[in-house]
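Okay, so here's the structure we're looking at.
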Amino acid sequence: MQRESFFEMVYEVVRLIPRGRVTSYGAIARFLGSGKSARMVGYALNGAWRKDDIPAHRVVNRLGVLTGKHHFPGSFAMEQLLEEEGIQVKEDRIVDFEARFWDPQKELNQQL
DNA sequence: TCCATGACATCCA
DNA sequence: CTGGATGCCATGG
């Protein structure tokens with residue numbers, strides 16, 4: 001029995017994303033389980049904005065596009081938050097996405 | 001239980 | 001580049 005919802009699991013992973021790094025919905029989905037779908041991650045992040053602990057701006061789609069910037073509370077732009085951490089954003093896309101990419105499955109596995 | 005929705009991922013035209 | 005279709009599956013009505 002899952003004590004936390006799928007959302008909570010996603011939130012935990014997002015919280016672990018290092019500053020100045022980004023990850024994709026699909027990566028998180030694979031990390032949680034091959035059976036999960038990236039859609040669920042996006043769906044979960046949809047409720048993340050309610051929690052100020054969740055750096056949802058570090059989560060983008062597989063192309064590094066800020067697909068969810070439209071869903072942000074409004075005051076703060078996704079790009080602004082990203083550049084604040086040293087991440088360059090150009091045309092709603094993350095510059096050097098591959099270099100900035102943070103794979104939970106890989107990175108966390110090293111530490112564990 | 002069925003139906004609709006969704007911040008995705010892939011494939012194809 | 002755009003747009004449509006399909007797969008994926010948790011959540012809510």
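Note that the structure is predicted; figures quoted are calculated from it, not measured. Residue numbers start from 1 in every chain, and the chains themselves are labelled A, B, ... in the order their sequence lines are given, proteins ahead of strands.
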Provide, to the nearest angstrom, the distance between the [atom1] atom belonging to [X] and the [atom2] atom belonging to [N].
{"X": "A/L32", "N": "C/dA10", "atom1": "CG", "atom2": "C1'", "answer": "12 Å"}
{"X": "A/Y43", "N": "B/dA9", "atom1": "OH", "atom2": "P", "answer": "18 Å"}
{"X": "A/Y11", "N": "B/dA7", "atom1": "OH", "atom2": "P", "answer": "13 Å"}
{"X": "A/F6", "N": "C/dA10", "atom1": "CZ", "atom2": "C1'", "answer": "8 Å"}
{"X": "A/E8", "N": "C/dT11", "atom1": "CD", "atom2": "P", "answer": "10 Å"}
{"X": "A/R30", "N": "C/dC8", "atom1": "CZ", "atom2": "C1'", "answer": "13 Å"}
{"X": "A/N61", "N": "B/dA7", "atom1": "CG", "atom2": "P", "answer": "12 Å"}
{"X": "A/N46", "N": "C/dG12", "atom1": "CG", "atom2": "P", "answer": "12 Å"}

Full working for side chain to side chain donor-acceptor pair (under 3.5 Å) between A/E84 and A/H57 = CA-CA 11 Å; A/E84 189 87 5; A/H57 55 272; over 6 Å; no
Reckon A/F7 touches a base, only the sugar-phosphate, or nothing at all at heavy-atom distances under 4.0 Å?
-> sugar-phosphate
Contact class for A/A56 vs. all strands (heavy atom < 4.0 Å): base, sugar-phosphate, or nothing?
->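 Base contact - A/A56 has a heavy atom under 4.0 Å of at least one base atom.
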With respect to the phosphate group of B/dT10, does any side-chain polar atom (N or O) of A/R62 fall under 4.0 Å of OP1 or OP2?
-> yes
Across all strands, who's sitting opposite C/dA5 as a Watson-Crick or G-U wobble pair, both distances under 3.5 Å?
->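 Matched C/dA5 with B/dT10 under the 3.5 Å cut-off.
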Is a donor-acceptor pair below 3.5 Å formed from side chain A/Y25 to base B/dA7, judging by atom type as modelled?
->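 Pair found.
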Nearest listed nucleotide, side chain of A/A38, among B/dA7, C/dC1, B/dA9 | B/dA9
Can you check whether A/A44's main-chain N or O pairs, donor with acceptor, with A/Y11's side chain at less than 3.5 Å?
->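 Looks like yes, one N/O pair under 3.5 Å.
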Matching residue for A/E79 among A/R93, A/K90, A/K69 - test: salt bridge (Lys or Arg N to Asp or Glu O under 4.0 Å) = A/K69
With the side chain counted from C-beta on, respond yes when A/W102 and A/L16 share a heavy-atom pair under 4.5 Å apart, and no when they do not.
-> yes
